[in-house]
Amino acid sequence: MINIIDKHNCCGCNACVQKCPKQCIFMYEDEEGFLYPKVDVGKCIDCHLCEKVCPCLNQEKTHEPLACYAVKNPNENIRNQSSSGGIFTAIAEKVIVEGGVVFGARFNEKWQVVHACAENTENLAAFRGSKYVQSKIGETFKQAETVLKVGRKVLFSGTPCQVSGLKHFLMKEYENLLTVEVVCHGVPSPKIWREYLESLNLTNIGSISHKDKSTGWRSYSFTIKDKEQKIIFTNRAGDNLYMMAFNRNLTLRPSCFLCPAKSGKSRADITLADYWGIEHFIPQIDDNKGTSFVCGNSEKGKALIKQLNFQFVQVDFHNSVPYNSCIVKSTEEPAERQLFWDDYKKQGILALLSLKKKKQNFIKRLIKRILR
Ligand SMILES: Cc1cc2nc3c(=O)[nH]c(=O)nc-3n(C[C@H](O)[C@H](O)[C@H](O)COP(=O)(O)OP(=O)(O)OC[C@H]3O[C@@H](n4cnc5c(N)ncnc54)[C@H](O)[C@@H]3O)c2cc1C
Ligand code: SF4
Ligand code: SF4
Ligand code: SF4
């Protein structure tokens, strides 16, 4: 049975919970706010199914894409609302038009991030844009399996470990399944997100964007609007306490430092990322509004990308990856991570404030050094 001894070895995909025939695995939230499985040993029948579907225990070999492209969605509205080039929406719309069902991450009514499904293009809007919080998978692997079994198309999107979790959970290939992974350097704690949002004390929230590109794709902001779409909170990601902790990798899940699914291990049909470094390769298409780096990893994925009928520029995988190493490499665990969590244990969410003080002290020291 599943028994998590080292937290680096569980990405929280929920595959084991959904597979257990005795429903004797439950998820508990640890002190950092991440979910981990625990078995009710008395009910367990030692069938080992939970171990068989675990993407951390059954890692695939690394795999290189068949082809990579630089792409932008020509619909500017959709591209603006998306984190990169807006390609996810284009792929998802295609699946919906063909009668399929799309799974992705969205905010729920409490502004927590959860996986859900959409069967029409209007509901796809909620999946648009990166939410920098680990999403709760819930029962979505089971739901996807039910839809696949009746022969409808399914597009399942998520982080590489979520896609890998789904593939292991299904235990067989489905011709009607298309999987899209968003490259990720890690997912932050849902508890830190919950407490940070509470600390802002905002009411009447209508939308939240972790990556608001209105100030530029490279210099994006964190923005909250009210139900009338008026901005009620915004600051540059570099000045926002929540984003600072995320970008310094302090609030990431431990498994993100030993990722079981990147570098093609997830077997996702398509990989989507930001095309960082595009200014060096194809400066003529870079407008600082977001360009996607899209990889077709299987014949199915490559064919679907081609069907989009957008303007593609084929690019070289090996040349591009050095500008976005998290496509293939796990993030290094920062030495200050433990200090952050020790501080959090003492003063709760106020621990985020000390990041700002550290930044200010660093800038002061830097200015002094330059003046000297
Ligand atoms: C936590 C996180 C970290 C990321 N880090 C990087 C990075 O370091 N480098 C990089 O190149 N790209 C990163 N990305 C991916 C990138 O920001 C874009 O999401 C991706 O390129 C797709 O962009 P798009 O414009 O086509 O679509 P968008 O509309 O921006 O993306 C929508 C897709 O993202 C999925 N999604 C959104 N939030 C989550 C979530 N919390 N969990 C699972 N799936 C989610 C939706 O289900 C949907 O499939 C990250 C994404 C996330 C969620
Ligand atoms: S071994 Fe089987 S019964 Fe026991 S927890 Fe795992 S899946 Fe459930
Ligand atoms: S990685 Fe997924 S399947 Fe493996 S133990 Fe964690 S939640 Fe269960
Ligand atoms: S870095 Fe790896 S383990 Fe962490 S969320 Fe992304 S895919 Fe999962």
Side-chain angles (χ1 to χ4, degrees), residues 1-62 115 133-142 158-171 181 184-194 245-246 249-263 265-267 326 328-346 351:
M1 81 188 83
I2 283 288
N3 183 18
I4 310 298
I5 295 162
D6 178 349
K7 287 183 174 169
H8 290 86
N9 296 326
C10 171
C11 61
C13 71
N14 215 36
C16 54
V17 175
Q18 295 177 82
K19 200 70 188 179
C20 176
K22 300 308 281 181
Q23 289 161 358
C24 63
I25 313 180
F26 65 93
M27 283 292 205
Y28 73 94
E29 189 182 85
D30 78 346
E31 63 286 359
E32 292 185 353
F34 295 107
L35 296 178
Y36 291 92
K38 201 161 180 56
V39 176
D40 179 345
V41 182
K43 289 190 190 152
C44 171
I45 53 167
D46 261 333
C47 68
H48 301 290
L49 270 174
C50 49
E51 291 147 90
K52 283 188 190 138
V53 299
C54 175
C56 290
L57 290 176
N58 306 281
Q59 293 184 32
E60 306 286 342
K61 289 200 175 76
T62 58
H115 253 67
V133 187
Q134 180 164 35
S135 79
K136 205 171 171 182
I137 282 289
E139 297 277 293
T140 50
F141 292 175
K142 272 192 191 170
T159 58
C161 63
Q162 291 172 334
V163 168
S164 183
L166 170 75
K167 292 224 159 202
H168 282 92
F169 170 86
L170 292 173
M171 294 180 124
E181 65 181 7
C184 86
H185 65 279
V187 281
S189 154
K191 189 178 182 194
I192 295 289
W193 169 242
R194 208 163 58 220
F246 167 50
N249 305 321
L250 302 176
T251 50
L252 302 187
R253 190 177 175 102
S255 60
C256 301
F257 306 117
L258 197 70
C259 178
K262 50 180 68 199
S263 201
K265 285 185 179 178
S266 73
R267 294 290 185 268
C326 65
V328 292
K329 267 201 235 147
S330 294
T331 302
E332 223 170 278
E333 189 159 357
E336 322 84 77
R337 186 182 189 278
Q338 195 50 49
L339 295 177
F340 170 79
W341 285 102
D342 288 346
D343 201 14
Y344 174 77
K345 269 179 216 149
K346 282 188 219 132

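For this chain, numbers begin at 1 and follow the sequence in order. Keep in mind that the numbers below use all heavy atoms, side chains included, and drop hydrogens, waters and symmetry copies.
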Review point. With a 4.5 Å heavy-atom cut-off, do I137 and Q162 have their side chains touching?
Key: yes
Practice item. Return yes if some donor-acceptor pair links the side-chain N/O of S263 with the main-chain N/O of K265 below 3.5 Å, else return no. Key: no
Exercise for review: Flag the pair L252 / V187 as yes when at least one side-chain heavy-atom distance between them is below 4.5 Å, and no otherwise.
Suggested key: no
Review point. Which class fits the ring pair Y344 and F340: parallel under 30°, tilted 30 to 60°, perpendicular over 60°?
Key: parallel
Practice item. Could you check if a side-chain atom of Q134 sits within less than 4.5 angstrom of a side-chain atom of R253, using non-hydrogen atoms only? Key: yes
Review point. Looking at side-chain heavy atoms only, is the closest gap between P21 and L49 below 4.5 Å?
Key: yes
Check your understanding: Should P188 and F246 count as side-chain neighbours, where that means a heavy-atom distance under 4.5 Å?
Key -> yes
Exercise for review: Drop me the distance from K191's NZ to R194's CZ, to the nearest 0.5 angstrom.
Suggested key: 7.0 Å
Review point. Just wondering, do P55 and Q59 contact through their side chains at under 4.5 Å, heavy atoms?
Key: no
Exercise for review: Go through E32 and R337 one step at a time and tell me if the salt bridge (charged side-chain N to carboxylate O under 4.0 Å, His left out) criterion holds.
Suggested key: CA-CA 11 Å; E32 292 185 353; R337 186 182 189 278; 2.8 Å; yes
**Study point:** Sequence neighbours excluded, every pair satisfying salt bridge (charged side-chain N to carboxylate O under 4.0 Å, His left out) that has a member inside residues 43-62
**Key:** D40-K43
Practice item. Please round to the nearest 0.5 Å and tell me the distance separating atom OG of S330 and atom NE2 of H185. Key: 12.0 Å
Exercise for review: Taking the side chain as every heavy atom from C-beta outward, state whether F169 and V17 have any atom pair closer than 4.5 Å.
Suggested key: no
Exercise for review: Please answer whether the main-chain N or O of C326 pairs with a side-chain N or O of K262 as donor and acceptor at a distance below 3.5 Å.
Suggested key: yes
Check your understanding: Under 3.5 Å, is there a donor-acceptor pair between the side chain of W341 and the main chain of L250?
Key -> yes
Practice item. Looking only at non-hydrogen atoms, find the nearest pair between C256 and G186 and report the distance. Key: SG-CA, 3.5 Å
Exercise for review: Examine distances only and state if a side-chain atom of D343 and a backbone atom of L339 form a donor-acceptor pair shorter than 3.5 Å.
Suggested key: no
Review point. Are more than 12 heavy atoms from other residues, nucleotides or ligands located less than 6.0 Å from atom CD of E332?
Key: no
Study note, to complete from the structure: Taken to the nearest 0.5 Å, the spacing of I5 CD1 from N3 CG works out to 5.0 Å
Check your understanding: Could you give the distance from SG (C47) to NZ (K22), rounded to the nearest 0.5 Å?
Key -> 9.5 Å
Point to revise | For C54 against N58, the heavy-atom pair lying closest together | key: O-ND2, 2.8 Å
Check your understanding: Which pair of non-hydrogen atoms, one from G165 and one from F141, has the smallest distance, and what is that distance?
Key -> C-CE1, 3.5 Å
**Study point:** Chi angles and distances behind the side-chain contact (heavy atoms from CB on, under 4.5 Å) call for Y36, C10
**Key:** CA-CA 7 Å; Y36 291 92; C10 171; 3.9 Å; yes
Review point. What heavy-atom pair brings K167 and S266 nearest, and what distance separates the two atoms?
Key: CD-O, 3.9 Å
Exercise for review: Could you tell me which non-hydrogen atom of S255 sits nearest to which non-hydrogen atom of P260, and how far apart they are?
Suggested key: O-CD, 4.3 Å
Revision key, fill the gap. Heavy atoms of N9 and C56 approach each other most closely as O-CB, 3.4 Å
**Study point:** S135-H115 side chain donor-acceptor pair, cut-off 3.5 Å
**Key:** yes
Review point. Does CD belonging to Q23 count more than 12 external heavy atoms closer than 6.0 Å?
Key: no
**Study point:** Nearest-0.5 Å distance that lies between atom NZ in K142 and atom CG in N14
**Key:** 9.5 Å
Check your understanding: Do K38 and I25 touch side chain to side chain, with heavy atoms closer than 4.5 Å?
Key -> no
**Study point:** Short N-O contact, E29 and K136, less than 4.0 angstrom
**Key:** no
Check your understanding: Stepwise, does the side-chain contact (heavy atoms from CB on, under 4.5 Å) test hold for N249 with E333?
Key -> CA-CA 7 Å; N249 305 321; E333 189 159 357; over 6 Å; no
Practice item. Starting from the C-alpha separation in whole Å, work towards a yes-or-no answer on side-chain contact (heavy atoms from CB on, under 4.5 Å) for E181 and T159. Key: CA-CA 5 Å; E181 65 181 7; T159 58; over 6 Å; no
